[in-house]
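Heads up, the thing below is written out as structure tokens.
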Amino acid sequence: MDVEERVSRLEVELEKLRSRVRGVEDLKVASEVFDKATLLTLYELANRGYIDVMQGVIKTGKESNVFFARDPDGNPLAVKIHRVATSDFRAMTRYIEGDPRFPKMRRTRRGIVYTWVRKEFKNLERAHLAGVRVPRPVAFRNNVLVMEFIGEDDRAAPMLRQVELANAEEFFNELLSNLRRLYCVANLVHADLSEYNILVRDAKPVIIDLSSGVLRTHPLAQEFFARDVANLVRYFRRYFSVEYNEVYSYITSCGGRHGVPEDSQR
Ligand SMILES: Nc1ncnc2c1ncn2[C@@H]1O[C@H](COP(=O)(O)OP(=O)(O)OP(=O)(O)O)[C@@H](O)[C@H]1O
Ligand SMILES: [Mg+2]
């Protein structure tokens with residue numbers, strides 16, 4: 001059964017979802033975010049007990065929207081929904097092809113976006129397991145990812161670029177040790193690292209947006225890694241002098257750290 005068939009069979013349930021996912025109808029977001037397939041997906045996540053209510057928009061982006069939601073116990077969640085219609089799915093393939101975790105990706109727009117979301121979930125799992133400060137992954141289905149909400153009460157933590165760091169060196173050191181763990185233990189390269197994808201919570205970094213992340217064995221991993229390091233160095237030069245080579249060798253000096261095996265299903 002394809003998605004469209006399932007949608008028409010569950011038309012009745014979708015109506016229930018509309019009242020359950022409270023507030024969705026009056027959110028000022030493009031209607032394509034909540035197309036039928038996405039509503040069905042949210043319905044399934046709600047049915048399986050992951051999401052109770054969707055309460056507001058955290059960020060509306062070009063390709064995805066991040067919502068504030070709550071689980072049935074009232075705990076805050078972040079729900080990231082990729083818009084299938086406006087995704088740059090061609091660009092995504094560069095970050096998927098060559099990854100042994102996704103050997104049988106469907107090469108349709110929808111198939112690529114779903115793989116993209118699955119990849120972010122798996123990357124978050126690996127990173128979380130390795131002890132990197134990332135949002136704890138909760139669940140995913142199709143184009144929807146559910147994760148820990150990073151913030152205080154219902155206010156999302158700011159991006160690094162919005163913050164004037166009081167102790168930039170301490171923050172930078174904490175960030176580098178997290179990046180080393182990501183590289184050496186999780187065996188991952190972030191591949192979209194910038195001041196936009198690092199949040200600041202309790203004066204410490206939380207690394208987000210791991211959808212681009214690739215295993216270190218990915219054919220383009222070194223190219224992506226070099227770009228990540230360059231971005232980091234460029235940004236922190238506003239605070240103090242930083243050398244590309246030093247940062248590069250710090251993150252990649254893995255010593256005796258044991259990694260999550262590359263052939264792990266995660
Ligand atoms: N777990 C979270 N908790 C709180 N806020 C979050 C969380 N995840 C994302 N955000 C907010 O939403 C914004 C967008 O999230 P993210 O960077 O993951 O998506 P994106 O940039 O649209 O992704 P992509 O570019 O891959 O489509 C972030 O800058 C951050 O402000
Ligand atoms: Mg981002």
Side-chain angles (χ1 to χ4, degrees), residues 27 29-30 32-33 38 45 50-51 53-71 75-96 99 102 109-110 112-128 132-140 142-163 175 178-179 182 188-214 220 224 227-228 231-232 235:
L27 294 176
V29 293
E32 67 230 21
V33 187
T38 301
L45 286 165
Y50 293 113
I51 305 173
V53 286
M54 304 270 286
Q55 294 186 320
V57 182
I58 298 174
K59 194 209 134 195
T60 301
K62 200 157 40 72
E63 295 178 58
S64 71
N65 296 64
V66 180
F67 296 89
F68 181 87
R70 290 195 190 271
D71 73 11
N75 300 311
L77 293 170
V79 177
K80 184 172 174 180
I81 304 180
H82 270 272
R83 288 200 300 278
V84 174
T86 56
S87 68
D88 187 357
F89 61 100
R90 274 179 244 280
M92 291 173 176
T93 57
R94 223 164 94 81
Y95 295 80
I96 300 172
D99 191 319
F102 314 104
R109 176 188 286 269
R110 191 170 288 280
I112 293 168
V113 173
Y114 287 8
T115 303
W116 191 247
V117 172
R118 189 151 66 94
K119 180 148 141 334
E120 178 156 25
F121 185 87
K122 282 177 174 283
N123 287 344
L124 284 172
E125 260 189 336
R126 290 183 80 95
H128 187 69
V132 182
R133 288 171 57 90
V134 294
R136 183 176 54 80
V138 173
F140 75 99
N142 300 338
N143 58 328
V144 179
L145 172 68
V146 184
M147 64 186 140
E148 176 191 359
F149 172 74
I150 305 299
E152 225 183 287
D153 300 323
D154 54 4
R155 267 170 306 124
M159 293 182 272
L160 173 60
R161 70 180 290 271
Q162 301 170 307
V163 172
L175 181 58
N178 273 277
L179 289 171
L182 186 68
L188 283 175
V189 167
H190 186 289
D192 192 20
L193 194 68
S194 76
E195 59 276 23
Y196 291 85
N197 287 332
I198 299 166
L199 301 184
V200 182
R201 183 180 61 185
D202 302 330
K204 285 184 177 170
V206 179
I207 301 167
I208 62 160
D209 203 356
L210 272 81
S211 51
S212 304
V214 297
L220 300 171
F224 296 151
R227 189 179 61 193
D228 282 354
N231 279 341
L232 205 61
Y235 190 76

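For ligands, and for the atoms within them, numbers begin at 1 and follow the listed sequence.
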[atom] - nearest protein heavy atom and its distance:
{"atom": "atom 22 (O) of ligand 1", "answer": "S64 OG, 2.7 Å"}
{"atom": "atom 18 (O) of ligand 1", "answer": "K80 NZ, 2.8 Å"}
{"atom": "atom 13 (C) of ligand 1", "answer": "K59 CD, 3.2 Å"}
{"atom": "atom 8 (N) of ligand 1", "answer": "M147 CE, 3.6 Å"}
{"atom": "atom 11 (C) of ligand 1", "answer": "I58 CG2, 3.9 Å"}

Run the numbers for me: atoms of ligand 1, each under 4.0 Å from some heavy atom of [X], listed by number.
{"X": "H82", "answer": "27 (O)"}
{"X": "N197", "answer": "17 (O)"}
{"X": "A78", "answer": "1 (N), 2 (C), 3 (N)"}
{"X": "Y196", "answer": "29 (O)"}
{"X": "M159", "answer": "29 (O)"}
{"X": "P135", "answer": "1 (N)"}
{"X": "S211", "answer": "26 (O)"}

Do [X] and [Y] pair up side chain to side chain, a donor and an acceptor below 3.5 Å, judged on atom types alone?
{"X": "S211", "Y": "N123", "answer": "no"}
{"X": "Y114", "Y": "R118", "answer": "no"}
{"X": "R83", "Y": "N65", "answer": "yes"}

Give a yes or no on whether D209 keeps an N, O or S atom under 2.8 Å from the Mg ion (ligand 2).
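D209 does place an N, O or S atom closer than 2.8 Å to the Mg ion (ligand 2).
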Quick check: does Y196 have an N/O/S atom under 2.8 Å of the Mg ion (ligand 2)?
no
Rounded to the nearest 0.5 Å, how far apart are CE of M159 and CG of D209?
11.0 Å
Pairwise distance CZ(F67) to CD(Q55) - rounded to 0.5 angstrom:
13.0 Å
What do you reckon, does I150 have a nitrogen or oxygen under 3.5 Å from a nitrogen or oxygen of ligand 1?
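Between I150 and ligand 1, an N or O pair is found under 3.5 Å apart.
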Between ligand 1 and E120, is the shortest N or O to N or O distance under 3.5 Å?
no
Applying salt bridge (charged side-chain N to carboxylate O under 4.0 Å, His left out) to D192 and R227, what does each step give before you reach the verdict?
CA-CA 8 Å; D192 192 20; R227 189 179 61 193; 5.7 Å; no
With a heavy-atom distance limit of 4.0 Å, tell me whether [X] approaches ligand 1 through its side chain, its backbone, both, or neither.
{"X": "V66", "answer": "side chain"}
{"X": "D192", "answer": "neither"}
{"X": "E148", "answer": "backbone"}
{"X": "I208", "answer": "side chain"}

Working note: E148 + R201, criterion salt bridge (charged side-chain N to carboxylate O under 4.0 Å, His left out); need CA distance, chi angles, decisive distance, verdict.
CA-CA 13 Å; E148 176 191 359; R201 183 180 61 185; 3.5 Å; yes
Heavy-atom gap G151 to ligand 1 smaller than 4.0 Å:
no
Could you pull out, from L199, L124, D209, the option with a heavy atom nearest to atom 20 (P) of ligand 1?
D209
Considering non-hydrogen atoms only, spot the tightest contact between [X] and [Y] and give its length.
{"X": "K119", "Y": "G213", "value": "NZ-O, 2.9 Å"}
{"X": "V200", "Y": "L160", "value": "CG2-CA, 3.8 Å"}
{"X": "D228", "Y": "A191", "value": "OD2-N, 2.7 Å"}

Residue pair E120, W116: steps toward the side chain to side chain contact (heavy atoms under 4.5 Å, CB included) verdict:
CA-CA 6 Å; E120 178 156 25; W116 191 247; 5.8 Å; no
Stepwise, does the side chain to side chain contact (heavy atoms under 4.5 Å, CB included) test hold for L77 with V138?
CA-CA 9 Å; L77 293 170; V138 173; 4.1 Å; yes
Check L210, L199, I208 against P135 for a side chain to side chain contact (heavy atoms under 4.5 Å, CB included) and give me the one that passes.
I208
